[in-house]
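This report concerns only the one structure given below.
So that the names make sense, note that chain A is the first sequence line, chain B the second, and so on, each numbered from 1.
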Amino acid sequence: VISGRATRKRLVLLVSFLASGIAISAVLTGLVGTGAASSESLSAVSSAVMGAMNAQGDAYVAPTANAAPGISSSVAAQDALASAPWPGSAIGASLAQSTARSEPNAPGSLVWLVSMQPADTVYRVGGMPDARSAGPAANFFVVVVDATDGNFIEAEDGYSPTLASQASAKRSSNSTSRKLAPGTTVCGQRVTTGRIGAPPFILLSHGHHVSTVPIGLGSGVRVVLVSNDCSRGAAVSLAPSKVFAIKQRLRASHGGTIGLVVVPRKPGTAVITAKRGKRLVGRLRLIATH
Amino acid sequence: MVGSDWADADGLRSPLSYGAGGRVRSEVRLVAARSRWWLARRGRRLCLLLGVCVATLAAPAGALASGDGDGCNPGRADNFNTAYDVGVYQYTPGLSVSGGIRAYIDNYSPFVKSVSGSTDDDSEWVMLSNPDNYYEQIGWLEQPYAVRYTFAEYGSNGGAFYDHYHSSDPINTNSDYEVAFHPNTNEFYFYDGGNEYWDYIIPNGTDPVLSEIYTESHTKASQVSGGTNNHNNMYSASFFYPAGTGGSWHDSAATPTNNTNNGSGGKFGGIGPNSGTTDNYYTWDWACTN
C-alpha cells in the first residue's frame, strides 16, 4: 500500500509538473504572441502613408520582383510593435527597398515598412520654444525593420497636411471617391470627356461657396469639382496659373465645365472661379502645400 | 516614389487589436493560481525552482516600473502640453545664413511623467531654424519608463512635421549632435557622432539664421535635465556661418534662456555657462540633486 501510494504520489508529481510547464509555456507563448498578427490580417501600407513618408525624403521604393524577405509580414509587424516609440497596433506591412536617400539604410536594403495606429495621441518631439502646444498631432506612423532578421532600423511619424486633407475628404463626403469617366453622371449631367483612370482620384469639394482645399506638392493629379449646378456655359478659370496647372477639363453633356484636373506646381494659393456672364457662380480656393 | 505594384489600402480604418492584455493577464492569474497550488503541495525545491522562474518573468516589469537612469521625480503637478525649454540660442551675425550647429550633449536620463492619453517625452537637441518658417533638429528623447531614442525632426510653422526615431546612444555618455545646411541644394543633414541619420530638402527657399541648443519638457511634472549636483552638460557648442564653401565653424557665444517659469514667479530649471568659456553650458532642475 505504501509503495502504491508512493507511486501515485510520484505520478501526481510528474503530471502536475508537466501541467505547470505547459501552463508556463502557454503564458510565454501568449506574451510573445501579444501584438502579433497573422499575415492574412495585414494589408499593404496605404499609398497615402507611403506618400507621406516619401514626401519627407525617404524614397523607399517597391522591391524587385525576386526580392525574398527572411521574415514574414506578421513577424515583421511583431518586431515593429516591440520596438515602436508608440504603443499601438499594426495596420499594414509592405516590403520595400531602400535607396541612397533612405538613411541610415544602405541603398538596396530590403526592409519591411509597418504602418501603425498608436494607442495614444502623439505630438511632435521638439519645436520652436513656446510654440509646441499649438501643433497638430501626428497622423502617420511607420516602423522600418530589417526584412532579414526583423531588427529595428528606424521609426517615423509626422503630421502631413496632404494626408489630413485626404482623410478629411474621405470623411466629409461619400461621393468624393467616385470615378469620373465618360458616362458618369454628376449632378444630373453626364460626363462626356475627361476619363480619369488612375489614383489618386479625389473629388475634394463641390458647391458654390468659397472653401479652401490644401493639396500636397508631389501628391499627384487631383480632380477638383468646381461646378455641379448644371450651370450651362459657366466660364471656369484658375489664377494664378503658376501655382497649379490645369491638366484637363471635365465637361458634361450640357457643354459646361464641371471639373478640373489640377497638379500643384509650387507652394502658394490659387482660386478657381466659375462665372456665368458677369455673375459669380462658384469659387474654390486651393492651397499647394509641402 | 511608390511603385505601381504597391497595393493600396485604407490607412484610416480601425486598427487590428493586437493588445490581448486581458487574455494574457487571465493566463498569468491562472498560472499564478496553479503555482500556489503546486508550491503548497510539492516542497521547497520546486518552490525555489518556480520562484526563480517567476522572478525571471517579473524582472523586466520591475525594471520598467523603477523608471529612469538619472534624476528624480520633481513632484510637481502635471500640466501636459505646455513646452518648457532651457538652453541657448544665437542668431548668426548680420543674419547671414547658418550652415550648421553642433554640440556634445550629455545623454542624461531625466524623470519623464507618464501622462494620460499621450506618449510624452523629454528631449535635448541642437537646431537650425528660420523662426518664421521651419526648424530642423537632432538630439535624444526619452519617454516615460526610460524608453529612449535618437531623433531628428523637421517642423514647419504651417503645422507639418516629420520625426525620425533611431536607436539611442547609452545614457551618461555624450554625443556629437549636428544639423548642417547646404544652401546650394536647400538640404539639411542630421548627424549623430558623424553618422548621417536623415537628410531633408526644405520645400521653400528661406534660409536658417538661428541656432539653438535646448533641453525640453512638456509638463511641469517632468524633470528639466540635470540636477543641482549633477549638471546636464552641453559641450563645445559651435556653429557654422555663413553657409556654403566660404563658411567656417565658430565657438558659440549663445545667449542662455530659461523659460521654465512655474506659474508662481519661481524657476524650476536653471542654466549656467561653465566658467571661463562661451561654448559650454549646463542645465539642472532645482527639485533634483542628481
Write out all pairs satisfying salt bridge (charged side-chain N to carboxylate O under 4.0 Å, His left out) with one or both partners inside residues 109-119 of chain A, taking only residues at least two apart or from two chains.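 Listed by first then second residue: nothing to list.
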Glu153(B) vs Arg124(A), test: side-chain contact (heavy atoms from CB on, under 4.5 Å). Steps then yes/no. CA-CA 8 Å; Glu153(B) 180 175 277; Arg124(A) 63 181 71 189; 3.4 Å; yes
Can you say whether [X] sits under 4.5 Å from chain A via the side chain, the backbone, both, or neither, judging by heavy atoms?
X	value
Leu141(B)	side chain
Ser116(B)	neither
Phe161(B)	both
Ser167(B)	both
Glu124(B)	neither

So, using side chain to side chain contact (heavy atoms under 4.5 Å, CB included) as the criterion, who are the partners of Thr99(A) when residues are at least two apart?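 Only Ala59(A), Val61(A), Arg101(A), Ser102(A) meet the side chain to side chain contact (heavy atoms under 4.5 Å, CB included) criterion with Thr99(A).
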Heavy-atom distances under 4.5 Å only: say whether Ala84(A) touches chain B with side chain, backbone, both or neither.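 For Ala84(A), backbone heavy atoms alone lie under 4.5 Å from chain B.
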Heavy-atom contact with chain B under 4.5 Å, split by part of Ala65(A):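 Neither part, no heavy atoms under 4.5 Å.
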For chain B, which candidate among Pro118(A), Ala155(A), Ala137(A) shows the most heavy-atom pairs at distances under 4.5 Å?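 Highest number of heavy-atom pairs under 4.5 Å: Ala155(A).
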Looking at Trp86(A), Phe140(A), Phe152(A), which makes the most heavy-atom pairs under 4.5 Å with chain B?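 With the most close heavy-atom pairs to chain B, the winner is Phe152(A).
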Do Ser225(B) and Thr215(B) pair up side chain to side chain, a donor and an acceptor below 3.5 Å, judged on atom types alone?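 The answer is yes; a qualifying pair exists.
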